[in-house]
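In this chain, numbering begins with 1 at the start of the sequence shown.
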Amino acid sequence: MRRVLVSLVSLGAVGAALLTAAAPAGATGTGAPGSGWEPAPSSAWSYPAGARCDFAVRGAPVVDEVVRRTVGVRADGTEVVEYKGDLVVRVLNPATGRTYDADASGRALVELHPDHSQTWYVVGPILAGFAEGGGNVPRGLYTVDGAYTLEVSPTGYKTLTFLHGSTDSLCEKVA
């Protein structure tokens, strides 16, 4: 089974409807045993200078209460997974020691397609990194917030489409 790192990572009313429809009647949504929710811990990460920021950058969760549940698998093999929970990632510029605690506590419904592409429907903030030429957003590391979709092609190209929202450069915050 493929894992999606949510740090990585919805269309307003449409997204809310998808998330509501995904929840079975009586689900507690707390991550409690028997609820279908399971922990989805985020890993620490690092990028060398020039990969996301002009300088090396690292991140590690300082609060990680993210849980996930598989909503279903479609006939074409697409797995649909829901993520939610508090996530705060400390972003560090190791050269200067500057840090910033980024809220990445958005709620997402993620389609994991058989061709290894992904479609994220998100409400709220996530962290997203873009390589040079790797998406429709300039190279960088961002907090993305609002109601939006993030499509990731099989080659890793990312297309961010907002219904409403904004990006905030984490590279600028720790420069």
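Remark: Thr119 OG1 to His113 NE2 distance equals 3.0 Å, nearest 0.5 Å. Note: Phe55 CZ to Tyr47 OH = 13.5 Å, rounded to the nearest 0.5 Å. Summarising the geometry, atom CD belonging to Gln118 is positioned 13.0 Å from atom OG1 belonging to Thr149; distances are rounded to the nearest 0.5 Å. Rounding to the nearest 0.5 angstrom, the gap separating the OG atom in Ser166 from the OH atom in Tyr142 is 12.0 Å. Here the CD-OG1 distance, from Glu151 to Thr159, works out to 6.0 Å after rounding to the nearest 0.5 Å.
When every heavy atom of Phe130 is checked against every heavy atom of Gly134, the shortest pair comes out as CD2-O, 4.5 Å. When all heavy atoms of Ala102 and Thr143 are compared, the closest pair comes out as CB-OG1, 3.9 Å. What you find for Pro125 and Asp145 is that their closest heavy atoms are N-OD1, 3.2 Å. Residues Pro61 and Ala44 approach most closely at CD-N, 4.2 Å, considering heavy atoms.
Checking side-chain atoms of Ser105 against main-chain N and O of Leu87 turns up a donor-acceptor pair under 3.5 Å. A side-chain donor-acceptor contact under 3.5 Å links Tyr148 to the backbone of Gly124. Of the possible donor and acceptor atoms, none in the side chain of Asn93 sits under 3.5 Å from a partner among the backbone N and O of Ala175. Distance alone, capped at 3.5 Å, is enough to place a donor-acceptor pair between the Asp64 side chain and the Ser42 backbone. Between the side chain of Arg58 and the main chain of Leu92, no donor-acceptor pair closer than 3.5 Å is present. Looking at Arg139, its side chain does come within 3.5 Å of a backbone N or O of Cys53 through a donor-acceptor pair.
With sequence neighbours excluded, the residues forming a salt bridge (Lys or Arg N to Asp or Glu O under 4.0 Å) with Arg90 are Asp101, listed by chain and number.
Cluster membership for Val73 and Tyr83, using ILVMFWY side-chain heavy atoms within less than 4.5 angstrom, is not shared. Cluster annotation: Val91 and Val137 are assigned to the same hydrophobic cluster (Ile/Leu/Val/Met/Phe/Trp/Tyr, side-chain heavy-atom contacts under 4.5 Å, transitive). Linking ILVMFWY residues whenever their side-chain heavy atoms come closer than 4.5 Å, directly or via other members, leaves Val63 and Tyr100 in distinct clusters.
With 3.5 Å as the limit, one finds a donor-acceptor pair spanning the side chains of Glu79 and Thr70.
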Given Leu141 and Trp45, is the side chain to side chain contact (heavy atoms under 4.5 Å, CB included) satisfied, shown in steps? CA-CA 12 Å; Leu141 182 63; Trp45 46 264; 3.3 Å; yes
Go through the steps for Val174 and Thr96 under the test side chain to side chain contact (heavy atoms under 4.5 Å, CB included), then give the verdict. CA-CA 8 Å; Val174 298; Thr96 64; 5.9 Å; no
Test side chain to side chain contact (heavy atoms under 4.5 Å, CB included) on Val80 and Leu109 and set out the steps. CA-CA 7 Å; Val80 181; Leu109 193 66; 3.8 Å; yes
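A 4.5 Å side-chain heavy-atom check between Pro114 and Thr78 finds at least one atom pair inside the cut-off. Residues Leu150 and Val144 fail the side-chain proximity criterion, which asks for heavy atoms closer than 4.5 Å. Counting only heavy atoms from C-beta outward, the side chains of Leu160 and Asn136 approach each other to under 4.5 Å.
Legend: salt bridge (Lys or Arg N to Asp or Glu O under 4.0 Å) pairs involving residues 163-175, not counting sequence neighbours, sorted by first then second residue: Asp168-Lys173.
Applying salt bridge (Lys or Arg N to Asp or Glu O under 4.0 Å) to Glu38 and the options Arg69, Lys84, Arg68 leaves one that passes, Arg68.
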